[in-house]
Amino acid sequence: MRTVYVNGEYLPENEAKVSIFDRGFLMADGVYEVTSVLGGKLIDFDGHAVRLERSLKELDMAPACTKEELLAIHRELVAKNEITDGLVYLQITRGAPGDRDFAFPDPDTTPSTIVLFTQSKPGLANSPAAKVGMKVISIPDIRWHRRDIKTVQLLYPSMGKMMAKKAGCDDAWMIEDGFVTEGTSNNAYIVKNGKIITRELSNDILHGITRAAVLRFAKEAQMEVEERNFTIEEAKEADEAFVTSASSFVMPVVEIDGVTLGDGTPGSVAPRLREIYLEESLKKAI
Ligand code: PDD
């Protein structure tokens, strides 16, 4: 049985409890992070910790603990659960004021709730899906306009995932004003004539930690990168496409709305970026 972390305690998962008045449960008033683990080590931990701090600040939530404490909890859970490859999920909510009220509770009397758990995914970096690539559909992006904050409001992304499944596909790319924003739980890219194109950072998308690293590695490898909006039509005419996230690293996309990209294989840029990302991130894993 897994050991999980709740508000300062390490507990067996069936003994961990959160109040029914928790604002995460009642109002999706909470933020989260997902950090991958490879070879028992955390990938891009610093980036996730910095983004968490920003998400909390944007929502006027007090940091539940320091970065050092967070790192220690992550490591302890990885060790206790003997995770070689997998993920650490972290969630911080505005706590449980003991009743339902739209107004935020006083943080002095209502401490935030902090929960962490691990997910074991043996062979996470060798996913067979990376060899064949994913199929995506496009759907309208009807989410709120602060997608840069990593909140636990994931109902629409979950619905998007289900729409994709129903269509026999793996994921959905969301479209706003004709332009692709991002995938349900990843950042989206296309490749045309060797150039990597991805939407620029704004409140319209999550500022992916994997995105930042991948773009840095791509530039270091002298690959051309352009951060700009692209339409779904442009994507369908791209040579390649891919997504990035902490759980999928770099994952090729071979089909969009039934249109095959290139020769229908992952191509060369995405697999190369995946290799570089995994190699370089492993070197810095902690
Ligand atoms: N999702 N965009 C969205 C909407 C996301 O939910 C995610 C991550 C990303 C990629 O961010 P990063 O590279 O920092 O993981 C982009 C996580 C993995 C999840 O919800 O499980």
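Indexing begins at 1, ligand by ligand and atom by atom, following the structure's order. Along the sequence shown, the residues carry numbers beginning at 1. Worth knowing before you read on, the calculation uses all heavy atoms, side chains too, and leaves out hydrogens, waters and symmetry mates.
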Ligand-side contact atoms (ligand 1) for residue partner [X], heavy atom cut-off under 4.0 Å:
X: T184; result: 4 (C)
X: R51; result: 11 (O), 12 (P), 14 (O)
X: T244; result: 10 (C)
X: N187; result: 10 (C), 16 (C)

Can an N or O of [X] be found at a distance shorter than 3.5 Å from an N or O of ligand 1?
X: E182; result: yes
X: H48; result: no
X: S245; result: no
X: L154; result: no

Could you state whether M251 and I197 fall into the same hydrophobic cluster, counting links through intermediate Ile, Leu, Val, Met, Phe, Trp or Tyr residues with side-chain heavy atoms under 4.5 angstrom apart?
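Looking at the clustering, I197 is in the same group as M251.
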Sidechain N-carboxylate O distance under 4.0 Å for [X], [Y]:
X: K150; Y: E33; answer: no
X: E279; Y: K284; answer: no
X: R54; Y: D148; answer: yes
X: R228; Y: E234; answer: yes
X: E176; Y: R147; answer: yes

For [X] and [Y], does a side-chain donor sit closer than 3.5 Å to a side-chain acceptor?
X: E275; Y: Y277; answer: no
X: D22; Y: T93; answer: yes
X: D141; Y: T181; answer: yes

Among all the protein's non-hydrogen atoms, which is closest to [atom], and how far away is it?
atom: atom 21 (O) of ligand 1; answer: V34 CG2, 3.6 Å
atom: atom 18 (C) of ligand 1; answer: S247 OG, 3.7 Å
atom: atom 15 (O) of ligand 1; answer: A246 N, 2.8 Å
atom: atom 6 (O) of ligand 1; answer: S185 CA, 3.4 Å
atom: atom 20 (O) of ligand 1; answer: Y32 OH, 2.6 Å
atom: atom 11 (O) of ligand 1; answer: G208 CA, 3.5 Å
atom: atom 13 (O) of ligand 1; answer: T210 OG1, 2.6 Å

Nearest to atom 12 (P) of ligand 1 by heavy atom, I209, N186, T181: which?
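The option holding the nearest heavy atom is I209.
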Which option, K150, R211, E33, owns the non-hydrogen atom nearest atom 8 (C) of ligand 1?
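The residue whose heavy atom sits nearest atom 8 (C) of ligand 1 is K150.
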So, 4.0 Å and heavy atoms of H207: is ligand 1 close enough to count as a contact?
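Flag not set, H207 not near ligand 1.
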Among V243, V253, T244, which one satisfies side-chain contact (heavy atoms from CB on, under 4.5 Å) with N186?
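Single pass found, and it is V243.
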So, is the end of the R100 side chain (NZ or CZ) under 6.0 Å from the ring centre of F21 and within 45° of the ring's axis?
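Not satisfied by the 6.0 Å and 45° rule.
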